[in-house]
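Input: a single structure, listed below in structure tokens.
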Amino acid sequence: MCGIVAYVGRKQAAPILLRGLSALEYRGYDSAGIAVMGERLSLVKRVGRVSSLAGAEQLTGTCGVGHTRWATHGAPTEENAHPHVFGKVAVVHNGIIENADVLKAECTARGEKFSSETDSEVIAHLLNFYFKGDLLAALKETCKRLVGSYAIAAMGEEREIVLARRASPLLVGRGEDGAYAASDLSALSACQTVYALGEGHFARMTEDAIRIFDDGGKIALKPLKKEEVEGLPAKGGYAHFMKKELMEIPASIANSLENYRSFAQNQAFCRVLCQTEYLTFLGCGTAYHSGLCAKYAVERLARVRAACHLSSEYRYLNPIVKRGELVVAISQSGETADTLAAAELAKAKGAILLAVTNVGYSTLSRIADFCLVTGAGREVAVAATKSFSAQLAVLFSFAADLARLRGMGERDLGNLPVLAERTLAASEGTKAWTGAFVHAKNVFFLGRGADVATAMEGSLKLKEIAYLPSEGYAAGELKHGPLALVEQGTPVVAVMTEKALAEKTKNAVHETAARGANVFVVSAFPPEDGLPTVEIPEADEAFSPILAAIPLQMLAYYVSLARGYDPDLPRNLAKSVTVE
Ligand code: F6R
């Protein structure tokens with residue numbers, strides 16, 4: 001989604017804001033802007049990437065706010081880019097103001113003119129209206145009027161920044177030269193101490209102090225732990241973050257297995273596990289696919305009934321939740337609006353909520369009864385890769401534990417990092433497949449059982465970063481309709497990791513080949529029929545998606561490059577979807 005940065009300190013603000021925006025660009029990037037307060041307010045906004053703000057580093061002033069936008073209300077234009085300035089204030093906003101139309105009408109009735117189509121501009125108008133000398137007081141009044149989600153940074157004529165947060169992440173930090181704020185840790189690398197604002201918190205930052213408030217007044221927050229703040233990523237010699245993050249999959253799995261081992265010491269959680277008779281997994285996009293894989297593993301290993309829902313659907317299903325049911329909400333960022341809403345709903349209906357997230361201080365982790373932090377480390381590329389492996393590592397450990405506690409045998413996941421290493425090496429073979437995909441009209445990924453979930457994940461990656469229409473489909477369903485789309489040269493990728501089902505999947509493969517499909521195979525068994533194959537190492541079949549997904553992610557990466565795209569920054573998408 002959008003990214004916010006703010007700074008007040010002893011240094012010139014503009015270069016700091018621009019560096020921060022570059023670090024945040026992966027969150028959303030259709031337009032960008034900064035406002036700096038010096039002797040007067042200077043504002044620069046541009047359509048496009050942060051680099052389009054070149055020259056803005058010359059703005060003078062030691063207090064400022066900046067923004068990268070991912071359009072929700074209004075097209076990506078200069079007018080709609082943030083900051084929005086009205087009267088004495090400049091504002092940047094992440095989130096959605098749901099009652100913007102009503103508020104706008106109120107401001108317009110006062111004779112105020114709007115210069116953008118955004119919902120965010122109304123915040124600047126309200127702030128200016130309520131400002132009677134104390135900007136924080138004005139922000140508090142403004143927030144009382146807002147319905148929706150927001151992270152807001154605003155400045156007036158004084159050298160101070162005021163901030164507010166509801167359902168959209170916002171962090172503040174102290175550096176040697178001043179105070180910083182951002183919607184993501186990546187822009188706070190100059191800070192020694194970082195605080196994550198909580199729901200309904202406000203903050204006032206000046207050069208020398210950061211004060212945080214809730215409804216009751218000033219509060220003292222605990223700073224984030226060192227390990228949460230450390231490890232700001234660089235490309236480390238790779239051309240793209242996505243490739244770097246693919247290569248980090250073995251470490252991501254190893255760390256996540258370790259995290260699960262420590263987490264499983266929690267006695268209260270063990271009691272919940274022992275009592276669990278029914279499980280629900282929730283997630284969006286890749287996290288949903290993790291949930292699907294987990295559902296298969298839990299049912300297969302522990303014979304516990306499980307369901308997996310898209311968070312965006314579940315929240316409107318009026319779901320039936322049994323009191324004490326365990327609901328597992330999966331989210332890399334821990335900030336996905338739909339997953340938060342679905343998780344909150346489940347909890348309100350009496351579920352015990354387990355969060356599986358890569359961000360230990362995220363909103364999801366705060367609302368959950370138990371929080372299992374994955375060990376992927378920061379993931380910068382928009383497309384999830386190592387975070388998917390990390391989610392599977394903890395969810396498969398969880399499934400294995402559930403089985404063990406039911407006396408259904410022990411499973412060893414300890415070899416998965418090494419097997420992932422070998423799979424990565426084998427996956428380089430997908431580079432040679434790209435020729436068949438570059439000009440494809442559509443692509444099929446087929447599988448059965450848990451391989452369907454892997455196929456769906458492969459398809460999502462290809463759509464997301466290579467912009468190729470594709471479907472991840474249950475092999476047995478092909479002839480019930482989609483087979484009509486297969487024509488001469490259509491690429492079909494068959495995922496086969498389960499011996500008992502592989503022969504069946506092959507039938508579907510033959511049906512596509514007979515109609516001219518160009519078939520590729522990801523399989524745990526030696527290649528047959530001379531088809532181009534990435535052979536993944538044999539593993540416990542229940543855990544094979546963690547390996548089988550790797551060649552599909554790598555394929556999407558190479559096809560994206562072959563089609564001339566930047567796999568790190570897919571169009572129209574953002575790393576963390578904090579709006580509905
Ligand atoms: C795909 C991808 C998205 C996310 C989805 C959920 O590569 O990254 O589909 O998986 O937006 O995000 P989180 O896991 O942060 O809730």
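Values reported hereafter were calculated over all heavy atoms of this structure, with side chains retained and with hydrogens, waters and symmetry mates removed. Read the numbers this way: they start at 1 and go in the same order the structure lists the ligands and their atoms.
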### Query
Looking only at distance, does Lys461 have an N or O less than 3.5 Å from an N or O of ligand 1?
yes

### Query
Checking salt bridge (charged side-chain N to carboxylate O under 4.0 Å, His left out) for the pair Arg366/Glu199: CA distance, chi angles, key distance, verdict?
CA-CA 10 Å; Arg366 289 161 193 246; Glu199 279 306 274; over 6 Å; no

### Query
Counting heavy atoms only, which part of Thr339 comes closer than 4.0 Å to ligand 1: side chain, backbone, both or neither?
neither

## Note on the structure
For atom 7 (O) of ligand 1, the closest protein heavy atom turns out to be Glu464 OE1, 2.7 Å

### Whether Phe263 and Phe370 hold their rings parallel, tilted or perpendicular, with breakpoints at 30° and 60°
perpendicular

### Shortest protein contact, atom 10 (O) of ligand 1 (heavy atom only)
Thr286 N, 3.1 Å

### Message
Looking at Glu258 and Arg261, is any side-chain nitrogen of the basic one under 4.0 Å from a carboxylate oxygen of the acidic one?
### Response
yes

### Query
Any non-hydrogen atom of Thr385 lying under 4.0 Å from ligand 1?
no

#### Entry: Test: Glu541 and Arg411 ion pair at under 4.0 Å
no

### Query
Is there a heavy atom of Glu335 sitting under 4.0 angstrom from any atom of ligand 1?
no

### Task
Return the residue, atom name and 0.1 Å-rounded distance of the protein heavy atom closest to atom 5 (C) of ligand 1.
Cys284 O, 3.5 Å

### Task
Kindly identify the option in Gly283, Ala384, Ser333 whose heavy atom sits closest to atom 15 (O) of ligand 1.
Ser333

### Task
If you have a sec, work out which protein heavy atom is nearest atom 14 (O) of ligand 1 and how many Å separate them, to one decimal?
Gln332 N, 2.7 Å

